[in-house]
Each structure stands twice: as C-alpha cells, then as structure tokens.
Amino acid sequence: MMCGCLMAHSQDVKTTFQTSGQWKPLTDVRADAVMVYGTGSRPGLSFGERVETWRKKGYVAHFMTGIAWGGYGDYFSGKWDGKPHMDEGQKSVQGDTIMHGPGVPYIVPTLNYLKYFKETQIKPVIDAGISDIFLEEPEFWAYAGYSEAFKREWKEYYGFDWRPQHLSAENTYLSNKLKYHLYYRALDEAFSYAKEYGKQKGMDVRCYVPTHSLVNYSMWNIVSPEASLASMAHCDGYIAQVWTGTSRVPNYFNGIRKERVFETAFLEYGAMESMTRPTGRKMFFLTDPIEDRAVDWEDYKRNYEATFTAQLLYPQIADYEVMPWPDRIYEGLYRVSGDSEEKARIPRFYSTQMQVMVNTLNFMPLSKNKLNGSQGISVLMANSLMFQRSLETVEGYEDPQFSNFFGLAFPLLKRGVPVSITHLENTAYADTWKDVKVLLMTYSNMKPLDPKAHQHLADWVKQGGTIIYCGRDNDPYQRVLEWWNQNGNSYTAPSQHLFGLMQMPEEASEGVYKFGKGKVYVVRQDPKEFAMQEKGDQPLLKVIEQAYGQLEMKNHFYLERGSYVMASVLDEEAVSDQPLVLKGSYIDLFDPTLPILKQKKVQLGQQAFLFDINTVKDKKKPQVLAAASRQYEEARTRNSYSFVSKSPAETNNVMRVLLPREPKQVKVSVPCQHQWDNDTHTLLLQFENHPEGVKVEIDW
C-alpha cells in the first residue's frame, strides 16, 4: 500500500518540494518531483547542472522562482539593459526600499522588468526542457506604494496623478487595487510568454502560482491577485503556501488574542481549496516541518502536526508540496527546546516522524467522505479584503487581526462546525454553490469589485439560498470611487445594490427578509464585534440557528480517507472538555515508533493521524503500511516479499509491514531490528536510512 516508484511524467506528479541546491544524500526527500529554485549558478554548478543532479536520481524536474523578488541584481544595477532600476523597488512612506533580503528588493513589476524576467528566467528554463514553471509569491506590501515607478503606474492606470495612500481610505483602496492589478498583469505576461515560447519548442508548458492564502495575505497586509488567477487563461494551478509561520499569527476569539494554529490553518487551506475547485485548476497543499522564524524543535513538531492535520481534512485535495527548503530542515541548527539555548540538527525522532508523514502524502487518496459536523455553512471572501489593509488606522477604520473575517468563521469552527469558504469572484460558477445552504457575508472589510456578483448572489437566494449579512456599513471604504457610486449609481454602500436586487429596502434594518424561495437575515453589527468581545458571538449564533436549524456542536473534527484517520480536538470553547476516544486497530503515524494502538485518546488542542489496519482490503497481500522511507522494486511470491527502501541519509527508518504469517527469515542489507505483532500480522523494522537503498527480503 505504501510502496511505489517515482513518476515518469510531469503531469502525474502528486508530491513535490522546492530547493535551490543540488541533490545530496541528506536531502533526498523521495517525492515525485523537485522544483529547482532560481536560474542562477551555485558554487561549482550552473542551473542546468543543478537540474541534472536531480534528474539522475529519478526526479521530475520543475522550476520555481519568485516573481516579486529574487536574485535579479543585474536588472537593478543596470547590467542587463544599461539603466539602473532601483526606483522600481517597493517603497514605504519614509522612502525606504522594502527588502526581501540583502540586495533583494520587493519589486514594482513594470513592463520593462517583465521583459527582463521573461528573457532571463522563463526562456532559459524552457530551453533546459522544463515544462512546469512555478512563480511564487506575487506580493506587494500594503504599506508600500511610494516609489517613482509606482507613481508612474498609477498615472497610467487611473489617468490622474498619484495620491499618497496614507491620507485617506479612498487613496488606500485605490493604491492596493493597483498593486493587485500589477501582479495580475505580471503573471499573465509571464505565463502567456511561457506558453507561447514552449509551443515554439514543441512543449506543453504548465504554469502555477505558489502563494499564501487570502486569509494570510490580508492578515500580513500584503496584496496579491489570489482568486482572480483561478480564471486566468494561462494559469494551471496553485500551491497553497500554508505552514506554521502563516497560521500562528494571533487572532481574536471570545475577546482573547492568541495563536490558534490548527483553526487558522484550516481556514487558510479552505480559502485556497474553494478558490480553485469551481474552476478545476490543480492545487498542491504545502506544509513545513519548521518555519522561517528560528524557534525550537518542540515548537516546530507541535505546530507541524496541527497544520499537517488541517490540510488532510480537505479530502478533495490529494497533491502536495511535502516541504520547502529541505537543506534548512535537515541541516539547520535550532534550539532543542523552548527553555534551552542549545542548538542541534533535527532530532532523529522528529525526522523519522516527519518522513513517515511525508511518505503518506505519496499515497494519500482522494475521498468523497466529508468532515463530520453540520455541513453547508460558508463565509464569503473577496480579493478586496486586501484593499482595506493598512498598518495605520485610516479615517478611524480598524480591523485588528483581521477580526471581521474571524468573527464570522470562528464562532462556528471553534464549536466543531466545518465552515467553508466561498469566493465572491467565483459566484458565476455553478459548482461554487454546491452544498452551500447558508452564506455569511459582510462588506465591513471588503467590497464587491463587480456588480454582476450581486446578481449571482440574488439568483442563488431566489432559488432557496440563505444569506446572513452582518455589518453597519459605515466604514470609510464604503465611499471609495467604485461602481456603486459611479456612472449613474448613487448608492452610499454596495450592500444597497444587492438588497435592491432582492426587493429589500436598500438601507435594510436588522431583521429577516424573504426573496423567492430564500431568505436574507440582516444583522447590524460588524463581525469583529463577535470575535473581540467576550461571548460577543452569541447574537450571531442565534441567527445562524434560525437560518440553518439545529447545529451539531462538538469539540472535534474527524475524517477517514481510505485507511487514514485524521482527528483534531478543539480547545477554548466549552462544548466538551473531554478527549476524543478512538477505538480500533491503528498505527500511530505521529509516533516515530509506529506503535499498534487499540485505543487512541486525542486531548484538547491536539491532533491525531492514524492508519486503520482493519480497513486493508487484502490482508493476505504483503505490503508496507507505514514507513519513514519510500519503497521501490517490490517483488512478491507465495512465501516471500522484498523491496528496496530509500530515504535521506543520517536518518532512522521505521516501518510496519503487513504479512500473511509470521516470517521465518528477515534479511536486511544493513543492521536491523525487527519485531512481530501477531495480533495485526505486522512486522516492525528499524534501521538506518540510505538514499541509495536498503534491500529488505522477508520469507515465511
């Protein structure tokens, strides 16, 4: 079950990872593909030579680089075209260039920069025979917007002179809207060129955007194209860049500001999944066993389990970036615990656990199973969430820690209701509305960019859908120059246009309104009030239960995908203070010893990842059920089973092998410990990993 070989074709890739280095025994991750980062040379190796080191080891080679930053010093210095371009860095109000690293500014993506990018990054990659291109993190900081290049783009886009964004809400909105447009244009230009140049070379080039979620970018005050790319003709998909670093940003619930890593990750993955599902684009989910910030191994392990579980709770996604930057994971030095200053490389127990987890992703199945709990409640999001973000209070507007979003999502999620995400940009797709019964929305933190979306919302309600609209509609962004107050429209808030389409009073007061077969509930509170005040969410919960019916409230989530079982137990909200107790015959995949369990107790605030042995269909077929390695060259006879096991050097392997009967002989090409479990007919093997392969032969 857990065995296989590396994929031969790029389109078959299920797992991948990114690295700027060459193949090394220490970082032989054993995914299907590798995204080789950057076209620049590394000590002793050109880009093409780096690629070949991975291809020789059986990997499909893809390419990744940053679109908003990277090793593009020859452009800024003027070496490329004879003109320096430091004025094209993103700048703050103080005039400081915002840097991604030493000598690496965040970029205002001008057309001249895009010409450089296509010539020096896209073309040589396709010339090297690479057909899959990943352009990551199209990011424009919300507090940027003061460089000369940006001022020129403003005049070109709006037709009037640049305005300092910090002076008004309207300027902030217009500035961030332009940033959004510039990176949409940048990706469209780069991908269009890649597809066309690839055709000239007889190649079918596929283009992807590794990007943080709309939840995270809004929290971090970054502007990016996000959902719009799902409909871009030349964009084939995304990587959802969600990990501890994005998900540990504190937020409010029940008046308390703190980290909620599992819950935030769950919503981040949900925002990414719902962004592409209606359009059919490919989505890879990412997790990271560590994070950019230097913390300690105990912290990394705890939060990795939380984010890893969150990604698996979306059973319609089964493609993964298993890790970024394996060099820093396997070779980096971090504190051994939170109360110690001693630094060490990744502990053997953690690398073993991580490799077990990563290897499951190579075989994680799609599933039609649904997460347990009340289905059909969704929160509306739009790209314009990023347009109202600023480091400073603007005309009195504040949305601390993105609370206008979490105020709608957390009251449900923290009580075990698997709330989903709906994107305003996708309302024209029929699949967007599949299974949605109640839609929670607000315009306190976002605005509709296209009036057509309102018609789609109204049509859905008319056919029987229910909207719960929350908001006072008095924030200064209601007054920005936009379609609802231009070209013959004179609405003072965009909700008035939506309400009018549903035959409601344009300035509807709090209450319930019928339209066709559906209803609209109006709650005249901003959602942040539900999150930032103790028990502030009680009014919202009452309205939700009126609209939806009785909610199944619980303290956990549970999902089965094939033989895999995932669970997460929630804390804080007193639905129940009891652990979740699972009974069966399990392998604990979060335990590096792969123990057999008859019962698993999942405590509050913790997660579980199990392999259910009872679900194996052919128990007489010898097979690896779980392993901290990937298996190759499998061979079976009536009384034998053999394979070659591969994983990074200087790590421990542990594996559970299902056999028809107790073995008479176990031969391993390196020193090995083994133990038979008669109840489950599984053989536990433990030995040192070798990337070139360890031969295992079992006879019975």
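Note that the structure is predicted; figures quoted are calculated from it, not measured.
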(request) Please report the shortest heavy-atom distance between P418 and Q375, naming the atom on each side. (result) CG-NE2, 3.7 Å

(message) Let me confirm one number: the CD-OG distance from E263 to S568, rounded to the nearest 0.5 Å.
(response) 6.5 Å

(message) Taking salt bridge (Lys or Arg N to Asp or Glu O under 4.0 Å) as the definition, give me every residue that meets it alongside E259, ordered by chain and number, with sequence neighbours left out.
(response) R248

(request) Nearest 0.5 Å please: distance from the CZ atom of F609 over to the CG atom of D591. (result) 13.5 Å

(message) Tell me whether S444 contacts the main-chain N or O of G471 through its side chain, where contact means a donor paired with an acceptor under 3.5 Å.
(response) no

(request) For L582 and Y558, work out which heavy atoms get closest and say how close. (result) CD2-CE1, 3.7 Å

(request) Report the residues that fulfil side chain to side chain contact (heavy atoms under 4.5 Å, CB included) with E507, sequence neighbours left out, ordered by chain and then residue number. (result) Q496

(message) Out of the candidates F285, F557, F406, only one should pair with F266 under the ring-ring contact (aromatic ring centres under 6.0 Å, His included) rule; please name it.
(response) F557

(request) Would you indicate whether K462, at its atom NZ, is surrounded by more than 12 heavy atoms from other residues, nucleotides or ligands within a distance under 6.0 Å? (result) no

(message) Let me confirm one number: the CD1-CH2 distance from I222 to W141, rounded to the nearest 0.5 Å.
(response) 3.5 Å

(message) Go through it in stages, so that I can follow the logic: the residues are Q94 and S92, the test is side chain to side chain donor-acceptor pair (under 3.5 Å), and I'd like the CA-CA distance, side-chain angles, deciding distance and then a yes or no.
(response) CA-CA 5 Å; Q94 292 83 12; S92 68; 3.1 Å; yes

(request) Find the distance between CZ (F262) and CG (N303) and round it off to the nearest 0.5 Å. (result) 12.5 Å

(request) Assess whether salt bridge (Lys or Arg N to Asp or Glu O under 4.0 Å) is satisfied between E482 and K447, documenting all intermediate values. (result) CA-CA 9 Å; E482 265 293 3; K447 303 295 179 282; over 6 Å; no

(request) Assess whether salt bridge (Lys or Arg N to Asp or Glu O under 4.0 Å) is satisfied between D435 and K370, documenting all intermediate values. (result) CA-CA 11 Å; D435 301 327; K370 292 185 178 181; 3.4 Å; yes

(request) Using distance alone, with no hydrogens and no angle criterion, decide if R260 and N251 have a side-chain donor and acceptor under 3.5 Å apart. (result) yes

(message) Keeping S247 on the side-chain end and T264 on the backbone end, is there a donor-acceptor pair under 3.5 Å?
(response) no

(message) R277: which residues meet the side chain to side chain contact (heavy atoms under 4.5 Å, CB included) condition with it, sequence neighbours left out?
(response) E273, S274, D431

(message) I'd like to know whether D459 forms a side chain to side chain donor-acceptor pair (under 3.5 Å) with Q463, so could you lay out the CA-CA distance, the side-chain angles of the two residues, the decisive distance to 0.1 Å, and finally the verdict.
(response) CA-CA 6 Å; D459 290 344; Q463 295 302 314; over 6 Å; no

(request) State whether the side chain of E291 and the backbone N or O of T244 hold a donor-acceptor pair below 3.5 Å, judged by distance alone. (result) no

(request) Quick one: closest heavy-atom pair of L361 and L312, and the distance? (result) CD2-CD2, 3.9 Å

(request) Spell out, as yes or no, whether a donor-acceptor pair under 3.5 Å connects the side chain of W484 to the backbone of S495. (result) no

(request) Answer yes or no: are there more than 12 heavy-atom neighbours, outside Q316 itself, under 6.0 Å from its atom CD? (result) yes

(message) Within the 3.5 Å criterion, strictly below it, is a donor on Q353 or E305 matched to an acceptor on the partner's side chain?
(response) yes

(request) With sequence neighbours left out, write down each residue that passes side chain to side chain contact (heavy atoms under 4.5 Å, CB included) with P347, or none if nothing qualifies. (result) W297, F349, Y350

(message) Testing the 3.5 Å rule here: is there a donor-acceptor pair between the side chains of Y146 and H166?
(response) yes

(message) Is there a side chain to side chain donor-acceptor pair (under 3.5 Å) between S213 and N216? Walk through the geometry before answering.
(response) CA-CA 5 Å; S213 70; N216 176 255; 5.7 Å; no

(message) Could you check whether any side-chain N or O of K528 sits under 3.5 Å from a backbone N or O of E398, counting only pairs where one atom can act as donor and the other as acceptor?
(response) yes

(request) Might you point out which heavy atoms bring R389 and T172 nearest each other, and give the distance in Å? (result) O-CG2, 4.0 Å

(request) Mark yes or no for whether D296, through its side chain, and D299, through its backbone, hold a donor-acceptor pair below 3.5 Å. (result) yes

(message) Among residues at least two apart in sequence or on other chains, which ones pass side chain to side chain contact (heavy atoms under 4.5 Å, CB included) with N369?
(response) S367, L559, E560

(request) Assign the ring pair Y314 / Y269 to parallel, tilted or perpendicular, where the plane angle (0 to 90°) is split at 30° and 60°. (result) tilted

(message) Determine whether a donor-acceptor pair (N or O, by modelled atom type, separation under 3.5 Å) exists between the side chain of E139 and the backbone of T211.
(response) no

(message) Strictly distance-based, threshold 3.5 Å: is any side-chain N or O of E529 a donor or acceptor partner for the main-chain N or O of D526?
(response) yes

(request) Start with the C-alpha distance between S175 and Q165, add both sets of side-chain angles, then the distance that settles side chain to side chain donor-acceptor pair (under 3.5 Å), and finish with yes or no. (result) CA-CA 6 Å; S175 180; Q165 63 192 45; 2.5 Å; yes

For residues 509-521, which side-chain N or O atoms pair as donor and acceptor with protein atoms under 3.5 Å away, sequence neighbours left out?
residue, atom, partner, partner atom, Å
E510, OE1, R524, N, 2.7
Y513, OH, S509, N, 3.2
Y513, OH, S509, O, 2.7

(message) Pairing donors with acceptors under 3.5 angstrom, does anything connect the side chains of N404 and T442?
(response) no

(message) Can you tell me which residue among W460, W483, F499 is in a ring-ring contact (aromatic ring centres under 6.0 Å, His included) with H454?
(response) W483

(request) Return the orientation label for the Y217 and H212 ring planes: parallel under 30°, perpendicular over 60°, tilted otherwise. (result) parallel

(request) Name the orientation class of the two ring planes belonging to Y300 and Y334 (parallel below 30°, tilted from 30 to 60°, perpendicular beyond 60°). (result) perpendicular

(message) Check whether S403 reaches the backbone of D399 with its side chain - one donor and one acceptor, N or O, closer than 3.5 Å.
(response) no

(request) Using atom types as modelled and distance alone, determine if a side-chain donor or acceptor of Q241 lies under 3.5 Å from a backbone N or O of L286. (result) no

